[in-house]
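Quick notes on the structure that follows.
Scope of the values below: all heavy atoms of this structure, side chains included, with no hydrogens, waters or symmetry mates. All chains are named by letter (A, B, ...) in the order of the sequence lines, taking the proteins before the strands, and each is independently numbered beginning at 1.
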Number of protein chains: 2
Amino acid sequence: MSTSRRKKHAYHHGDLQAALVLTAGKMLEKEGVEALKLREVARQAGVSHNAPYRHFTRREALLAALAAEGFEWLGAAQRKAAEAGGLRGMGEAYVSFALAHPQRFRLMFGGQIRIARHVRLREVAMRTFEGLSGALAARAPEAHGARDASVAAWSLVHGLALLLMGERIAPAALGGRKRDAFVRDVLSSIRFVVGPAQPAA
Amino acid sequence: MSTSRRKKHAYHHGDLQAALVLTAGKMLEKEGVEALKLREVARQAGVSHNAPYRHFTRREALLAALAAEGFEWLGAAQRKAAEAGGLRGMGEAYVSFALAHPQRFRLMFGGQIRIARHVRLREVAMRTFEGLSGALAARAPEAHGARDASVAAWSLVHGLALLLMGERIAPAALGGRKRDAFVRDVLSSIRFVVGPAQPAA
DNA sequence: GCCTTGATGTTGACATTGTCTACTTATCAT
DNA sequence: ATGATAAGTAGACAATGTCAACATCAAGGC
């Protein structure tokens with residue numbers, strides 16, 4: 001119900017909301033959250049410094065929109081990967097997403113947004129998580145440690161993504177492999193315990 | 001070589017640098033990085049708004065000091081846990097640390113500090129990481145997947161810590177367990193593969 | 001006992017930013 | 001046509017990070 005009128009008198013931009021999210025998204029990916037100034041977004045969108053407030057109550061609301069968009073992308077990527085690559089593929093897709101959109105990923109999980117206050121964000125995030133844990137739980141329906149193992153799996157990919165993003169993993173650990181190969185090997189280096197766990201060293 | 005003169009004339013505070021790190025640390029833990037205003041720190045330390053610039057070239061430098069302090073704490077906790085609890089104990093200690101100092105942990109890994117530019121931070125962080133991966137690698141010295149497994153282990157605890165911090169893990173997953181017990185179970189739900197990995201589902 | 005000197009603090013200024021209030025203009029339903 | 005309302009603009013304000021210029025104290029050489 002929008003995206004119709006364009007470039008008339010420049011008053012009433014047409015679909016400013018979307019335009020703001022778009023340019024803000026670009027700025028986010030390029031410079032990070034800290035450098036995402038509301039006024040600069042307005043400037044680049046060609047509107048006055050206050051126009052964004054007609055669409056977002058505050059800066060945080062714009063950030064929330066960006067994060068929500070990110071969760072949608074991530075969810076879509078997960079669904080696609082689930083078909084093709086199974087569980088392992090989902091894991092690789094998760095890491096891939098994070099490395100492809102590092103700043104966005106940081107925004108989604110960085111904790112600067114109070115999720116509770118942004119309905120849409122909360123919903124889309126929950127939906128994505130459910131898709132994730134659903135796929136994980138479906139693998140070992142009722143074994144005792146299944147739920148724990150699914151949390152572990154998620155933790156693993158999440159942590160790996162963040163450590164790679166932060167360049168915290170010594171280049172030596174790569175051992176000459178390309179990043180995708182490295183990720184696959186790391187994810188392959190563990191096995192899940194489904195039955196009652198026996199203590200291990 | 002300080003902490004000597006105190007409350008003389010209030011000019012020349014005595015050891016402002018340490019005082020700033022201290023009050024900034026409290027503010028950090030309480031309100032998060034975003035809310036850590038340089039001027040407010042100065043105010044609470046009882047000095048003028050510009051005094052901090054005699055000790056930190058910019059805001060980021062103060063943040064770096066806080067992060068470095070955090071890495072020292074984490075390193076110490078790791079060493080202590082290594083003696084008592086072995087590898088599993090180190091993992092639990094890692095998560096514990098993150099949950100005990102969430103904002104500090106976020107600062108340490110949040111990516112808002114350009115580590116390369118802060119010598120002390122870089123060094124202490126590297127030292128901590130080396131202690132970590134050293135302990136991990138010592139476990140399976142030269143097996144093919146050992147290095148990968150150690151990365152996986154670190155990723156696992158790191159991710160678990162962050163997901164717990166962000167309240168991203170559904171309360172249902174806890175299943176009534178206390179948090180420490182939950183962490184232990186999750187960490188126990190995987191097993192590392194040391195030999196050549198065979199493909200798994 | 002002074003006086004220079006460097007480190008440490010202070011004052012004042014400036015550009016930027018997020019956000020508030022009031023005003024203006026375009027759009028759409030009647 | 002018209003009038004309500006959504007969308008944009010203009011201007012103001014307090015805060016903040018940071019810069020430059022000035023002030024004060026501690027110490028050491030004379």
Fill in the blank from the handout: Here the distance between atom C1' of C:dG9 and atom CZ of B:F56, to the nearest Å, is 15 Å

Practice task
Measure the distance from NE2 on B:H49 to P on D:dA15 and round it to the nearest whole Å.
Solution key: 14 Å

Problem - Electrostatic pair B:E72:B:R120 at N-O distance under 4.0 angstrom - result: yes

Fill in the blank from the handout: Rounded to whole Å, CZ of B:R59 lies from P of D:dC19 at a distance of 15 Å

Completion exercise
A:K37 NZ to C:dT19 C1', in whole Å, measures 16 Å

Fill in the blank from the handout: Taking C:dG18, C:dT10, D:dG17 as options, the one with an atom nearest any side-chain atom of B:V47 is C:dT10

Exercise for the section: Would you mind reading off the distance between A:M27 atom CE and C:dT17 atom C1', rounded to a whole angstrom? Expected result: 12 Å

Problem - A:R43 or A:N50, whichever maps to the more 5' nucleotide of DNA chain C - result: A:R43

Practice task
Assign B:R54 to base, sugar-phosphate, or nothing according to its heavy-atom contacts below 4.0 angstrom with the strands shown.
Solution key: base

Practice task
Please report, rounded to the nearest Å, how far the C1' atom of D:dC19 is from the CZ atom of B:R39.
Solution key: 12 Å

Problem - Whole-Å distance separating the CG atom of A:L36 from the P atom of C:dT17 - result: 11 Å

Exercise for the section: Check every strand shown and say whether A:H55 touches a base, only sugar-phosphate, or nothing at a heavy-atom separation below 4.0 Å. Expected result: sugar-phosphate

